[in-house]
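Take a look at the structure below.
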Amino acid sequence: MRYVSTRGLPTDSPRSFTDILLRGLAPDGGLYMPVTYPRVDSEMLANWVKVFHEGGYAPLAFEVMSLFIDDIPPADLKAMCYRAYNAENFESDVVAPMTQLDDGIWLLHLSNGPTAAFKDMAMQMLGELFEYVLEKEGRELNILGATSGDTGSSAEYAMLGKDNIRVFMLTPAGRMTPFQQAQMYGLDDPAIINIALDGVFDDCQDVVKEISADAEFKEKYSIGAVNSINWARLLAQVVYYVAAWIQASGAEGNKVSFSVPTGNFGDICAGHIARRMGVPIDKLIVATNENNVLDEFFRTGVYRVRSAEETFKTSSPSMDISKASNFERFIYDLVGRDQERVRELFAQKLVNEGEFSLAGTSEFKDARIRFGFLSGSSTHEDRLDSINSVYRHDKIIIDPHTADAWKVARDALRGGVVEHPLIVLETALPVKFAETIQEALGFTPEMPERFAGIENAGRHVVDMPNDAEAVKQLIIDTVAAER
Ligand SMILES: *Cc1c(COP(=O)(O)O)cnc(C)c1O
């Protein structure tokens with residue numbers, strides 16, 4: 001399997017999986033995509049059902065991912081899958097179990113990992129892959145990132161203890177939830193460097209951008225990222241769509257539909273890829289919060305990115321995005337993998353006009369008909385109602401992000417545009433967003449046993465001014481001290 005950029009030129013030669021693994025954007029500003037999607041047939045699906053029932057999630061992950069990775073020996077890839085997906089990291093060998101609610105909707109539990117959010121599902125595998133490739137190439141990597149909560153902690157727990165990897169993570173001082181702070185700052189390891197920057201999340205991101213723009217520094221200190229456009233993260237997420245189909249329908253071979261709380265379009269893009277491969281998926285429902293850039297596109301055909309001022313701070317903060325970084329991958333498929341067209345839309349129209357429109361085109365109709373997409377959005381009030389309703393009927397507490405997806409799923413069922421089996425992706429545990437749960441239910445969720453005492457883990461964090469030069473100096477000093 002080879003990979004090309006969504007904005008590639010006919011003269012580009014396709015790259016291998018390990019070649020693109022550590023890269024972010026392609027040099028032309030596009031995103032890497034496989035040259036074709038492997039096709040799964042009924043025989044392969046039947047085998048996957050058997051593999052999952054007999055061996056759990058890890059061997060299924062190997063089966064699915066090996067269709068896309070041909071430059072890592074199978075035995076090595078398999079060993080990595082078992083190290084990433086097991087009961088120690090995800091509470092059981094099923095890794096992504098399901099619960100059926102009173103209303104017939106299924107919940108796919110993706111938040112049983114070390115940081116209680118679905119990002120662990122991909123990040124644990126990414127940690128294994130990074131360590132493996134760095135070792136092969138005899139290199140080290142300094143991961144530099146900015147986080148408002150979920151991604152940073154997930155990256156730190158995935159890279160913890162991995163050879164040749166250090167993590168420098170910028171956080172906005174005093175602006176994460178107490179649980180998120182405890183989770184990150186509690187890590188006591190010389191290779192995990194938490195930085196509390198005197199600023200907001202956007203300041204953190206600007207510092208990362210400024211440092212990454214210094215090509216010489218980036219090269220000399222081997223600076224890398226783990227952002228949501230990384231192809232391997234998407235690939236790892238394809239696996240749980242298969243695991244969910246197996247659990248809800250597998251034996252009968254029926255189609256299932258999914259409702260996905262969406263921010264950067266990473267999670268649902270993995271569902272799109274699974275569907276293109278031939279996994280029996282009917283509808284894919286994009287659920288947004290008040291930041292409805294994507295709902296607007298699927299309703300109107302207009303993709304209009306927002307400014308920071310137009311981006312609302314909501315009670316499902318991991319979906320507060322103004323621009324969906326993985327959306328270009330979907331559009332690439334939608335326009336028939338026409339790289340020139342993608343360049344025109346993303347490198348010209350979007351940059352110059354802040355939007356593009358596919359309204360009235362046959363491609364836009366395809367989004368719904370050929371690609372099975374539906375969409376909807378929810379408000380803070382909707383989330384409170386949804387959390388309440390699910391709790392009343394099922395005694396299960398869902399987190400505010402999952403509540404967005406449940407609300408949009410229920411509306412779609414009532415509107416008759418989707419049928420059962422319908423699966424809602426649970427993307428975080430409620431304990432991460434205790435304040436909103438308190439508002440919805442009048443009490444805070446219990447701390448799961450595995451996080452007991454997390455508040456007492458100490459505070460390992462460097463306070464820094466909002467200054468890229470100071471952060472660079474910290475990187476220089478840290479690397480020098482260990483050599
Ligand atoms: C990141 C995140 C999302 C959004 O996922 P995307 O891949 O960005 O669409 C939803 N819920 C939670 C809890 C998250 O952390």
Side-chain angles (χ1 to χ4, degrees), residues 31 96 107-124 126 145-158 176-177 179-180 183-184 201 226-238 240-241 258-274 284-295 297-298 311 314-330 373 375 377-378 383 386-387 397-409 424-434 436-437 445:
L31 305 177
L107 280 183
L108 173 64
H109 300 285
L110 301 177
S111 44
N112 290 330
T115 72
F118 94 102
K119 299 213 164 53
D120 292 332
M121 295 292 300
M123 212 68 93
Q124 286 292 319
L126 202 67
T147 188
S148 54
D150 288 344
T151 312
S153 55
S154 183
E156 290 187 350
Y157 281 77
M176 296 193 301
T177 69
F179 184 87
Q180 287 172 326
Q183 234 179 5
M184 293 185 66
F201 172 64
V226 286
N227 41 30
S228 71
I229 55 161
N230 185 292
W231 165 255
R233 275 179 71 178
L234 273 197
L235 174 56
Q237 291 173 351
V238 171
Y240 54 71
Y241 283 89
F258 291 93
S259 180
V260 185
T262 298
N264 273 319
F265 207 80
D267 200 353
I268 198 159
C269 193
H272 162 71
I273 292 164
L284 290 165
I285 308 177
V286 175
T288 72
N289 61 22
E290 292 88 334
N291 295 295
N292 61 352
V293 191
L294 291 167
D295 178 33
F297 172 80
F298 285 102
T311 308
T314 75
S315 50
S316 46
S318 298
M319 293 154 63
D320 291 349
I321 57 103
S322 48
K323 184 170 134 209
S325 52
N326 275 295
F327 192 51
E328 185 170 331
R329 289 191 154 112
F330 173 69
F373 272 82
S375 73
S377 66
S378 76
R383 285 188 283 284
S386 302
I387 292 166
I397 308 177
I398 55 172
D399 100 290
H401 304 78
T402 310
D404 285 322
W406 182 84
K407 185 261 180 189
V408 175
V424 164
L425 271 54
E426 183 209 54
T427 53
L429 289 189
V431 66
K432 291 196 99 168
F433 305 96
T436 305
I437 305 300

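If you're wondering where the values come from, they're calculated on a predicted model, not measured in any experiment. First listed ligand is number 1; within each ligand, the first listed atom is number 1.
- For atom 14 (C) of ligand 1, the nearest non-hydrogen atom of the protein is Lys119 NZ, 2.9 Å.
- Protein heavy atom closest to atom 8 (O) of ligand 1, with residue, atom name and distance, is Asn264 N, 2.7 Å.
- Near Ala428, meaning under 4.0 Å from any of its heavy atoms, are these atoms of ligand 1: 13 (C).
- Contact atoms of ligand 1 toward Asp150: 13 (C), 14 (C), 15 (O) (distance under 4.0 Å to a heavy atom of the residue).
- In summary, the atoms of ligand 1 found under 4.0 Å from a heavy atom of Gly266, numbered by their order in the structure, are 6 (P), 7 (O), 9 (O).
- Less than 4.0 angstrom separates some heavy atom of Gly263 from each of these atoms of ligand 1: 4 (C), 6 (P), 8 (O), 9 (O).
- Of all the atoms in ligand 1, the ones that sit under 4.0 Å from a non-hydrogen atom of Thr262 are 9 (O).
- Shortest contact from atom 12 (C) of ligand 1 to any protein heavy atom: Thr427 OG1, 3.5 Å.
- Screening Glu426, Arg383, Met319, Lys432 for a side chain to side chain contact (heavy atoms under 4.5 Å, CB included) with His401, the sole residue that qualifies is Met319.
- Of the possible donor and acceptor atoms, none in the side chain of Tyr157 sits under 3.5 Å from a partner among the backbone N and O of Met123.
- In this structure, Pro261 counts as a contact residue of ligand 1, since one of its heavy atoms falls inside 4.0 Å of the ligand.
- Each of Asp120, Asp150, Thr151 was scored for a side chain to side chain donor-acceptor pair (under 3.5 Å) with Thr115, with one residue passing: Asp120.
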